[in-house]
Amino acid sequence: MAAIGLLNPSGANNCFLNVAVEALYHLEPFRTALACVRAHRCTEDACILCALGVLFANLDHTEFNSLPPDALRAALARAHSAAARFQLQMMDDAIDCFVAILCDLHTSCAAGVVEENCNSPACPTHAVFAVDYLEEVVCPRCKRSFETAQRRLSTLYASAVDLMSANGLPSSVRGTMCALASTVCPKCHVETRRSLTALQLPSCLCVGLTWTAEQVSSAEAQTAMAAIPEAVAASTLFDHAHAVEGPSQYRLRALIFYYGKHYVAAILRGHDWTLFDDAKIRVAGTSFRDVRQWAVKGHLQPVMLFYERLPSGPSAPSPSAPTPSPARVLSPAALPDRASAPPQAARSPDPASRHPGVSASHPGVSARHSCDLPRPSPSAGPPPLQPRHSVATSPPLWPVPWEPPAKAASAPLPRERGRVSVPVTDGPPMISQRARDQEIDRQIQELFITAEDEMKHNEFTAAFNRFQRAYTLAGSLHDPILRNSRKRTTRSSASYAHAMMPHARSFSIYDLDSFA
């Protein structure tokens with residue numbers, strides 16, 4: 001199966017989302033758990049689960065070399081609009097994006113359940129990534145326990161400085177997992193130590209690396225890559241394992257890198273390490289040594305590591321390239337006719353009105369929502385792969401993905417109110433340039449309105465910053481006439497706001513050269 005990239009047009013800043021999606025898609029336990037989701041609390045146009053499921057289905061069956069993540073990006077922006085995170089055309093952090101997706105999936109699948117108490121097998125977040133452990137402060141001599149705390153984490157963290165020291169990755173991760181303070185045993189007068197006991201091991205282990213600088217030298221990149229192990233044993237992270245079944249070995253499956261305001265990923269597919277730079281994909285080599293050389297040459301900072309739990313058995317296969325989940329591999333013939341489908345609960349007649357983030361803004365990708373599709377027969381295809389927890393057998397939630405329809409005979413285009421409505425019938429699933437320009441122009445107008453109100457209250461510095469943002473958005477417009485018009489208007493307004501700022505000449509950050 002060929003690798004599929006994700007589009008990142010100029011000005012879209014989708015790279016932080018693309019690497020997170022590629023990493024999740026290539027983790028087989030997560031794909032299996034997502035395919036086994038039967039019901040969830042849908043938040044319509046802000047539903048991350050619906051957008052991610054449709055994107056995964058299209059990645060499984062598309063004939064194109066790359067797909068747009070527009071529906072997922074729009075749903076993520078709407079879901080986090082209150083915090084002003086992950087907004088359209090705004091750059092953000094890949095680790096925060098990954099954690100936000102996991103939190104949103106938990107909210108959709110296990111609504112009302114606190115994450116620390118979530119044991120639902122229908123929650124992909126905690127069914128795949130949850131690490132339950134017990135932290136104790138113990139005297140090494142008399143074995144007396146002074147303090148105990150049970151914790152749950154979905155993403156582990158490590159300091160890049162500690163990683164590059166002689167401690168290594170397991171010791172760095174343990175340092176962030178321990179939160180209790182050490183003390184002195186009153187009986188033995190010996191300093192206590194902190195002990196970690198694993199209560200549940202995840203199917204996938206995610207480790208985020210924190211850096212103190214945005215750029216690293218070639219020597220620092222080489223030291224960091226040399227300290228990343230290809231395999232991690234649970235015994236190096238925990239002192240004891242309580243009622244943990246199955247193997248405890250993990251193999252490195254994917255890495256996310258950062259350099260120069262951009263994110264890329266290296267993922268193990270079959271026996272080859274493949275590099276994902278948005279829609280650009282190439283093979284680095286068959287050894288992790290090739291990935292190290294590529295990262296050192298580009299001064300890349302590894303910011304996230306993904307380890308996949310190895311299956312038990314002496315003949316366990318190595319991690320292979322992702323294959324479509326049997327729960328979603330359905331031919332059109334296997335689906336019953338819509339007329340013969342069993343009756344379902346009443347719903348809105350127009351799915352696009354309920355899911356504009358998945359359908360209306362995504363004319364190429366399947367606009368059908370899973371709730372409006374007929375249920376496939378239980379006998380269609382092999383049984384779905386079972387995740388770590390047992391799941392009751394029921395039809396899959398996700399629809400048969402989008403496929404380019406056959407070109408129909410030319411017919412007169414419908415006219416509405418004197419305007420020609422041209423439906424999208426074929427081609428790759430990409431948002432139109434006209435719709436994108438309309439959205440950008442709407443954002444520019446909102447910035448202008450807010451900036452004018454700030455200038456009325458003599459807040460010229462804040463207004464100037466908004467005009468800067470509007471000028472940047474105007475430069476990403478596709479229509480040259482609209483682009484030049486908006487840039488002239490923005491430059492003039494920014495010059496006036498800059499002139500009205502107190503002591504404007506002393507502020508080097510407000511240099512008008514950026515408006516040239």
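FYI, side chains are in, hydrogens and waters are out, and symmetry mates aren't considered; it's all heavy atoms of this structure.
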Any heavy-atom pair between the side chains of [Y] and [X] that's under 4.5 Å?
X: D92; Y: C97; value: no
X: F129; Y: L27; value: yes
X: L305; Y: Y250; value: no

request  = Using the ring of F86 (Phe, Tyr or Trp, six-membered ring only), decide whether R73 places NZ or CZ under 6.0 Å from its centre and within 45 degrees of its axis.
outcome  =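 Pair R73/F86 does not count as cation-pi.
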inquiry  = Go through it in stages, so that I can follow the logic: the residues are R269 and H26, the test is side chain to side chain donor-acceptor pair (under 3.5 Å), and I'd like the CA-CA distance, side-chain angles, deciding distance and then a yes or no.
reply    = CA-CA 8 Å; R269 304 182 75 256; H26 286 83; 3.1 Å; yes
Has the side chain of [X] got a donor or acceptor atom that lies under 3.5 Å from a matching backbone atom of [Y]?
X: D277; Y: V264; value: no
X: T62; Y: L59; value: no
X: R38; Y: C36; value: yes
X: Q87; Y: A77; value: yes

message = Regarding Y263 and D93, do their side chains bring together a donor and an acceptor under 3.5 Å, going by distance alone?
response =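 The criterion, which ignores hydrogens and geometry beyond distance, is satisfied for D93 and Y263.
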key: L6 CG to E22 CD distance, which is reported to the nearest 0.5 Å   =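 One finds 4.5 Å between CG of L6 and CD of E22.
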inquiry  = Would you call the rings of F306 and F98 parallel, tilted or perpendicular, taking 30° and 60° as the class edges?
reply    =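 The arrangement is perpendicular - the two ring planes meet at more than 60°.
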ask   = Relative to each other, are the rings of H106 and H126 parallel, tilted or perpendicular (30° and 60° limits)?
value =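 Taking H126 first and then H106, their aromatic rings stand perpendicular (interplane angle over 60°).
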